[in-house]
Amino acid sequence: MGIGNVLLGDEGVGVHVIRYLRDCPEPSAKLAIVDGGTLSFNLLPVIETAGSLIVIDAAMIGDEAGAVRGLVGDELDAFLGTSKHTAHEIGLKELFDMARMEDLLPHRRALIGIHPQCIDWGEGLSDRVATAVPLAAGLVLRLARKWVRADRLAAL
């Protein structure tokens, strides 16, 4: 699920990654690609029904602009529990908490964070963040494949 506002430059990178994945020649058949937009409570059913969930968003990951970092499971939860790092973090944390209260939070969950350069009015990504889009998409696909393989092994 990619989240972001495409009218605020790099803040919309999650949606740009989702669009890239939609056009990707080899996305996994088991990969549901969701444009989460600016994140709202309407996405709670998506989170609660996901067997596994990968969220892509602009995130202050403490690196240079365009850096890509994956946070998985407890590492993601700890990241959301500290000071605000993404424009959507409060909404994402609240959605995760709501799903957790119902015992419906996906056991496998991750955030693919892309460090923004410029969050301001404008529809395009900065050059450094645009370069990170295929890298982030590749990380999404690798993580999804890893989880699918783990499920297959568990079923044996």
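- Proximity of a side-chain donor or acceptor of H115 to a complementary backbone N or O of I61 within less than 3.5 Å is detected.
- A salt bridge links D97 to K93: one of the charged nitrogens lies within less than 4.0 Å of a carboxylate oxygen.
- Heavy atoms only, all atoms of each residue included: A132 and V68 are closest at CB-CG2, 3.7 Å.
- Applying the side chain to side chain donor-acceptor pair (under 3.5 Å) test to residues at least two apart or on different chains, the pairs with a partner in residues 60-76 are E64-R128, R69-E75.
- Residues A65 and P116 share a closest heavy-atom pair of CB-O, 3.9 Å.
- Put simply, I18 and V13 are part of the same group of oily side chains (I, L, V, M, F, W, Y) that touch within less than 4.5 Å, one to the next.
- Rounding to the nearest 0.5 Å places CG of L43 at 11.0 Å from CD of E48.
- Rounding to the nearest 0.5 angstrom, the gap separating the CG atom in L104 from the CG atom in L44 is 8.5 Å.
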Stepwise side-chain contact (heavy atoms from CB on, under 4.5 Å) test for R142 and K146
CA-CA 6 Å; R142 284 191 302 279; K146 178 181 175 182; over 6 Å; no
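- Rounding to the nearest 0.5 Å places CG of L92 at 10.0 Å from CZ of F79.
- The hydrophobic clustering, which links ILVMFWY residues whose side-chain heavy atoms are closer than 4.5 Å, places M98 and V34 together.
- Summarising the geometry of M1 relative to V46, their closest heavy-atom pair is SD-CG1, 4.5 Å, with the distance given to 0.1 Å.
- Members clustered with L153: L156, by chain and number, using a 4.5 Å side-chain heavy-atom cutoff among hydrophobic residues.
- The side-chain heavy atoms of T38 and I3, taken from C-beta on, include no pair separated by under 4.5 Å.
- The nearest pair of heavy atoms linking L21 to A137 is CD2-CB, 3.7 Å.
- One hydrophobic cluster holds both I54 and I33 under the rule that ILVMFWY side chains link at heavy-atom gaps under 4.5 Å.
- The two residues I47 and A99 have their closest heavy-atom pair at CG2-CB, 4.0 Å.
- N5 places a side-chain N or O within 3.5 Å of a backbone atom of L7 that can act as its donor or acceptor partner.
- F41 and M101 are not part of a single hydrophobic cluster, where members link through side-chain heavy atoms under 4.5 Å apart.
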Under 3.5 Å, sequence neighbours excluded: what are the donor-acceptor pairs made by side chains of residues 105-112?
unit_1	atom_1	unit_2	atom_2	d
R108	NH1	W147	O	3.4
R108	NH1	D151	OD1	2.4
R108	NH1	D151	OD2	3.3
R108	NH2	D151	OD1	3.3
R109	NE	D77	OD1	3.1
R109	NH1	P106	O	2.8
R109	NH1	H107	O	3.2
R109	NH2	D77	OD2	2.5

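- Interatomic distance, Y20 OH to L135 CG, rounded to the nearest 0.5 Å: 8.5 Å.
- Side chain to side chain, S126 and D10 meet the donor-acceptor criterion of an N or O pair below 3.5 Å.
- Both L53 and L80 sit in one connected hydrophobic cluster of ILVMFWY residues. Membership requires side-chain heavy atoms under 4.5 Å apart, directly or through other members.
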R19/V6 under side-chain contact (heavy atoms from CB on, under 4.5 Å): CA gap, chis, key distance, verdict:
CA-CA 11 Å; R19 290 175 181 169; V6 295; 4.2 Å; yes
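- Between L76 and L71, the shortest heavy-atom contact is CB-O, 3.7 Å.
- Atom CG of L8 is separated from atom CG of D120 by 7.5 Å, given to the nearest 0.5 angstrom.
- With rounding to the nearest 0.5 Å, the separation of OG1 in T131 from CG in L125 is 9.5 Å.
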